[in-house]
Protein chains: 2
Amino acid sequence: MKSSETKAERPGLLARLLREAGYRDTAPRRAVVRAIEEADGEQSPEALWRAAQRIHPGIGRATVYRTLELLTGLGAVRPLIAAEGGRRYPVAVGGHHHLVCSGCGTVVEFDECAEGEVARRVARRQGFAIQGHLLEIYGTCGDCRVTGEVRT
Amino acid sequence: MKSSETKAERPGLLARLLREAGYRDTAPRRAVVRAIEEADGEQSPEALWRAAQRIHPGIGRATVYRTLELLTGLGAVRPLIAAEGGRRYPVAVGGHHHLVCSGCGTVVEFDECAEGEVARRVARRQGFAIQGHLLEIYGTCGDCRVTGEVRT
DNA sequence: TTAGATGCAAAATTTTTGCATGAGT
DNA sequence: ACTCATGCAAAAATTTTGCATCTAA
């Protein structure tokens with residue numbers, strides 16, 4: 001499965017978010033954060049853990065999970081489910097917009113989004129405080145339509 | 001947890017997709033499919049299993065998972081990660097618009113959506129054949145903000 | 001100094017599989 | 001008849017937790 005690149009966030013963005021949220025600035029966390037920012041498609045907890053270990057040997061899996069949870073809570077990262085089934089944590093500052101192929105699972109990110117207006121209006125009406133949004137368009141990519149390929 | 005109705009997809013849509021894909025039309029599958037179509041924010045495998053059991057007593061968990069996988073492959077549902085951490089399988093055909101509370105998991109559906117345009121344009125540019133789209137706005141509902149409840 | 005973080009290992013969850021049996025076509 | 005689908009239970013994989021020990025602030 002191919003899948004789009006993680007838009008290289010300005011280094012330190014996630015770390016800053018954590019700090020501003022009042023969490024301590026620790027080496028293990030910095031390692032996880034760096035792993036995420038440099039993860040290129042390899043965003044599964046397991047892969048992030050291995051990457052974080054290279055940066056901060058001795059880091060435990062639990063710390064990776066705990067940090068991912070913090071970041072998710074801050075809306076800095078958004079857990080998604082990859083075509084192969086496992087979780088992936090792409091950086092998600094702001095909204096995320098995906099074009100997802102039902103055939104091969106490819107996920108292409110795009111920026112255009114016209115929801116600002118509607119989102120705010122609907123949210124206000126329901127008394128919601130918006131944190132972010134996810135817009136996914138599902139379909140079949142050219143390749144899959146041609147080959148009649150189907151995701152297993 | 002409260003949550004709005006799931007816009008009743010034309011009953012049988014998912015079942016039809018399965019049939020057209022060449023899969024057998026069995027009672028257990030029909031139960032799962034109905035559970036999904038009637039899932040009201042309760043889209044976790046576990047909840048869907050309980051719902052399916054009410055429709056077809058004796059159905060096993062494995063069948064639910066297997067059916068969800070088939071439907072995912074067909075692009076009929078799209079696995080996402082719920083605020084509480086588990087998976088959710090919202091319908092991915094047609095257009096769905098949810099307001100999801102990070103605090104209590106409430107899912108409210110709404111109709112307004114300005115994405116028709118954008119979706120078509122982006123899809124065409126990438127050579128995608130659109131099957132549907134999902135717009136989810138994440139935030140905190142009034143109740144949760146008052147009680148200070150936060151997603152764990 | 002002191003609340004918050006970490007690593008480890010165990011526990012809990014969630015999802016997948018093997019296999020004998022039962023159904024749809 | 002012949003596949004394909006199912007349920008069950010076991011196995012695997014994934015995620016969460018308890019707790020003693022560190023460490024940033």
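Chain A is the first sequence line, chain B the second, and so forth, proteins listed ahead of strands; every chain is numbered from 1.
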Rounding to a whole Å, what distance do you find between [X]:[atom1] and [N]:[atom2]?
| X | N | atom1 | atom2 | value |
| --- | --- | --- | --- | --- |
| A:Arg29 | D:dC22 | CZ | C1' | 14 Å |
| A:Tyr23 | C:dG4 | OH | P | 11 Å |
| B:Leu68 | C:dT17 | CG | C1' | 17 Å |
| B:His56 | C:dA23 | NE2 | C1' | 11 Å |
| B:Glu69 | D:dT6 | CD | P | 13 Å |
| B:Arg61 | C:dT16 | CZ | P | 13 Å |
| B:Gln53 | D:dC8 | CD | P | 9 Å |
| B:Asp25 | D:dT6 | CG | P | 10 Å |

message: Both B:Glu46 and B:Arg19 contact DNA chain C. Which one's nearest nucleotide lies toward the 5' end?
response: B:Glu46
Pair B:His133, B:His96: side-chain N/O donor-acceptor within cut-off below 3.5 Å: no
message: I'd like to know if the side chain of B:Arg34 and the backbone of B:Ala52 have a donor-acceptor N/O pair within less than 3.5 Å.
response: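 Not at all, since once roles are kept as given, no pair shorter than 3.5 Å links the two residues.
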task: Kindly say whether B:Ile59 contributes a backbone atom to a donor-acceptor pair with the side chain of B:Trp49 at under 3.5 angstrom?
output: yes
Could you check whether [X] gets within reach of a base, just the sugar-phosphate, or nothing at all, counting any heavy atom under 4.0 Å?
| X | answer |
| --- | --- |
| A:Gly58 | sugar-phosphate |
| B:Gly86 | nothing |
| B:Arg87 | sugar-phosphate |

field: Side-chain donor/acceptor contact of A:Arg24 with base of C:dA3 under 3.5 Å
entry: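 Counting by modelled atom types and ignoring angles, a donor-acceptor contact under 3.5 Å is found here.
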message: For D:dG7, does the base pair up with any side-chain atom of B:Arg66 as donor and acceptor (N or O, under 3.5 Å, distance only)?
response: yes
- prompt: At under 4.0 Å, does any side-chain N or O of B:Tyr65 touch on OP1 or OP2 of C:dT15?
  reply: yes
query: Within less than 4.0 Å of OP1 or OP2 of D:dT6, is there a side-chain N or O belonging to B:Thr26?
result: yes
message: More than 12 heavy atoms of other residues, nucleotides or ligands under 6.0 Å from CD of A:Glu20: yes or no?
response: yes
field: Shortest non-hydrogen contact between A:Leu14 and A:Ala76, atoms and distance
entry: CD2-CB, 3.7 Å
task: With DNA chain D as reference, determine whether B:Ala27 or B:Gly85 sits nearer its 5' end, using the nearest nucleotide of each.
output: B:Ala27
